[in-house]
Asks: 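I'd like to ask some things about the structure below.
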Amino acid sequence: MSTLKAVRGTRDLLPPETALWNRIEATARAVFARYNFGEIRTPVFEDTTLFARGVGEETDIVSKEMYTWEDRARAQSEKTQSLTLRPENTAGVVRAYIEHKLGETGQLQKLYYIGPQFRRERPQKGRYRQFSQIGAEVIGPQSSGSESPLRDAEVLEMLATLLDELGIHGWVLELNSVGSSTDRARYNEVLRTALQSVVSGMCADCQRRAETNPLRVLDCKVPEDQPIIDTLPKIADSLDEESKKHFAAVTAALDAAGVPYTRNHRLVRGLDYYTRTTFEFTHSGLGAQNALLGGGRYDGLSEAIGGPKAPGIGFAMGEDRLVLTLQALQSETESKADAFIAPLGESVNPAALALARELRRQGLSVEIGDGSFRLKKSFEAADKTARRIVILGEDELQSGILTVKTFASGIQTKVPRAELAAFLAKPAAE
Ligand code: HAM
């Protein structure tokens, strides 16, 4: 008899890895509590219509990736119903918001969730058919301030804090605005026209998208298509004044809070409910599936599924990808030396050896560069072999204060020589 295995695209999580999952979830819950979010748990399956109307019939998720079945009637009183394992949780949360009349409280609803989602995608590293999301939604009637750009900025600032507290350094926040639904419809037409003259040279998927949903051409990953896509009109030029003002207010608040971001004009996201702000946090350590999380505003979603007007914004993080990133960062730091000493000039070489001896005697692993190295070369060599670089020049020798840079955080610190060993022994995330 052939042995039974977990279904393709699903997997078992075993100790010790599960400890990391628990740590991530505990950190997320603690951060959400500080921002006054409460937990919501919705069913893992819903009426198929919810996703068709909410996420959009034309999207890859709904048209190709859902696990859908006809649930047979068990009694005369029951009807056969098409059900779907949730491919994402935003539509379910908004359905619950409508069903439980949460808008009638007049309060902004701040809800978070942690749980499995299901998409029939081609499995690869970081992409599974059952995966877990940690997400949150901020939704409410307009009078609760749900449409304010401050909500967008606060959600993004919370995410920056959460990733930092998880120890995920090196994330990049990519930000864009897809405008109102009218702006998007206008842009779709602009794109359709622009694509007419170039689409014959593009991949088969793009040729189909140019007909059905031109916006999706911007998601194309085929390398040969990229130069063509770069020449297409940008959605920023199709935004109305209100959407431009909203976006400017989001970025101004992020600037004030010191949250770095880059504008990505192509970030239109693969779900149809988005309006105005869209974003992703990416990490280079993930490879092809580099999105740690994605989200955006969805001011028309509640109405699209039969509810009252209830603007909202939210995100979902791929928990599997958080785990992968943390594992990669950990193994990178574990296999590296504690410090790389960079002598500035050959005359400092002997002092570098003396310092290395001092530190090695205290149990630290240390590499030494060479005073003939230019500073840039020292930094490159150090980044490959050690968690931190210690700069040692004549000034440092005289003053006894050394400059240390921690690569994981990018932070540069002045450390008195007597405290150097203790400093270098600390985890590199600090
Ligand atoms: P999404 O971009 O489809 O957005 O998914 C969010 C995150 O879930 C992705 O960035 C990725 O980390 C993770 N993810 C998606 N598919 C997979 C997969 N097959 N395997 C592993 N991880 C995956 C949403 O789901 C929206 N509901 C986000 C949102 C909330 N927008 C507003 N509110």
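Atoms within a ligand are numbered from 1 in the order they appear, just like the ligands themselves.
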Asks: Which residue supplies the protein heavy atom nearest to atom 12 (O) of ligand 1, what is that atom called, and how far is it?
Replies: Ala291 O, 3.0 Å

Asks: Does ligand 1 have an atom that lies less than 4.0 angstrom from a heavy atom of Gly126?
Replies: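 The answer is yes, since Gly126 has a heavy atom less than 4.0 Å from ligand 1.
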
Asks: Ion pair present between Glu241 and Lys245, side-chain N to carboxylate O less than 4.0 angstrom?
Replies: no

Asks: Decide, yes or no, whether a salt bridge links Asp320 with Arg11 under the criterion of side-chain N to carboxylate O below 4.0 Å.
Replies: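 A salt bridge is present here (some side-chain N lies under 4.0 Å from a carboxylate O).
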
Asks: side-chain contact (heavy atoms from CB on, under 4.5 Å) for Phe247 and Leu175? Distances and angles first, verdict last.
Replies: CA-CA 10 Å; Phe247 189 70; Leu175 196 60; 3.9 Å; yes

Asks: Phe340 pairs by side-chain contact (heavy atoms from CB on, under 4.5 Å) with which of Arg387, Lys405, Lys384, Glu367?
Replies: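 So, applying the side-chain contact (heavy atoms from CB on, under 4.5 Å) to Phe340 and each of Arg387, Lys405, Lys384, Glu367, only Glu367 qualifies.
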
Asks: What about Phe32 and Tyr112, are their ring centers closer than 6.0 Å?
Replies: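 Yes, the ring centres sit under 6.0 Å apart.
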
Asks: Between Gln133 and ligand 1, which residue portion shows a heavy-atom distance shorter than 4.0 Å: side chain, backbone, both, or neither?
Replies: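 It is the side chain that gets close, since no backbone atom is under 4.0 Å.
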
Asks: So which of Gly9, Gly294, Gly135 gets nearest to atom 28 (C) of ligand 1, if we judge by its closest heavy atom?
Replies: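 That would be Gly294.
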
Asks: Would you mind checking which non-hydrogen protein atom is closest to atom 32 (C) of ligand 1, with the distance to 0.1 Å?
Replies: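 Answer, as residue, atom name and distance: Gly314 O, 3.2 Å.
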
Asks: Hey, is ligand 1 close enough to Glu121 that some N/O pair sits below 3.5 Å?
Replies: yes

Asks: Report the part of Gln289 (side chain from C-beta onward, or backbone N, CA, C, O) that has a heavy atom under 4.0 Å from ligand 1; answer both or neither where that applies.
Replies: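 It is neither part, as no heavy atom is under 4.0 Å.
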
Asks: Any N or O of Met317 that comes nearer than 3.5 Å to an N or O of ligand 1?
Replies: no

Asks: Ignoring angles and geometry beyond distance, decide whether Tyr113 reaches within less than 3.5 Å of ligand 1 through its nitrogen or oxygen atoms.
Replies: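 N/O-N/O distance under 3.5 Å: no.
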
Asks: Got a donor-acceptor contact below 3.5 angstrom from the Tyr128 side chain to the Gly126 backbone?
Replies: yes

Asks: List every atom of ligand 1 that sits less than 4.0 Å from any heavy atom of Leu293, numbering the atoms from 1 in the order shown and giving each element.
Replies: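 By the 4.0 Å cutoff, the relevant atoms are 10 (O).
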
Asks: Side chain, backbone, both or neither: which part of Leu292 comes within less than 4.0 Å of ligand 1 when only heavy atoms are counted?
Replies: backbone

Asks: So between Tyr274, Tyr298, Tyr128, whose heavy atom ends up nearest atom 29 (C) of ligand 1?
Replies: Tyr274

Asks: Have a look at Glu65, Glu319, Arg119, Arg321 and point out the one with the heavy atom closest to atom 3 (O) of ligand 1.
Replies: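 Selected option, by shortest heavy-atom distance: Arg119.
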
Asks: Is it true that Glu380 and Lys377 have a side-chain N and a carboxylate O under 4.0 angstrom from each other?
Replies: no

Asks: Using heavy atoms and a threshold below 4.0 Å, how should the contact between Asp320 and ligand 1 be classified: side chain, backbone, both, or neither?
Replies: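 Asp320 to ligand 1: no contact under 4.0 Å from either part.
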
Asks: Considering the options Asn176, Val178, Leu267, which one meets the side-chain contact (heavy atoms from CB on, under 4.5 Å) requirement together with Tyr274?
Replies: Val178

Asks: Starting from atom 7 (C) of ligand 1, locate the nearest protein heavy atom and write down its residue, its atom name and how far away it is, to 0.1 Å.
Replies: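 For atom 7 (C) of ligand 1, the nearest protein heavy atom comes out as Ala316 O, 3.4 Å.
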
Asks: Could you check whether Arg266 pairs with Asp230 (Lys NZ or Arg NE/NH1/NH2 to Asp/Glu carboxylate O, under 4.0 Å)?
Replies: yes

Asks: For atom 27 (N) of ligand 1, what's the nearest protein heavy atom and its distance?
Replies: Glu88 OE1, 2.6 Å

Asks: Say whether Thr403 and Gln412, considering side chains only, have a donor N or O and an acceptor N or O under 3.5 Å apart.
Replies: no

Asks: Is it the side chain (CB and beyond), the backbone, both or neither of Phe279 that lies under 4.0 Å from ligand 1, heavy atoms counted?
Replies: neither

Asks: If you count the atoms of ligand 1 from 1 in the order shown, which ones are under 4.0 Å from a heavy atom of Glu137?
Replies: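 It comes down to these atoms of ligand 1: 30 (C), 32 (C), 33 (N).
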
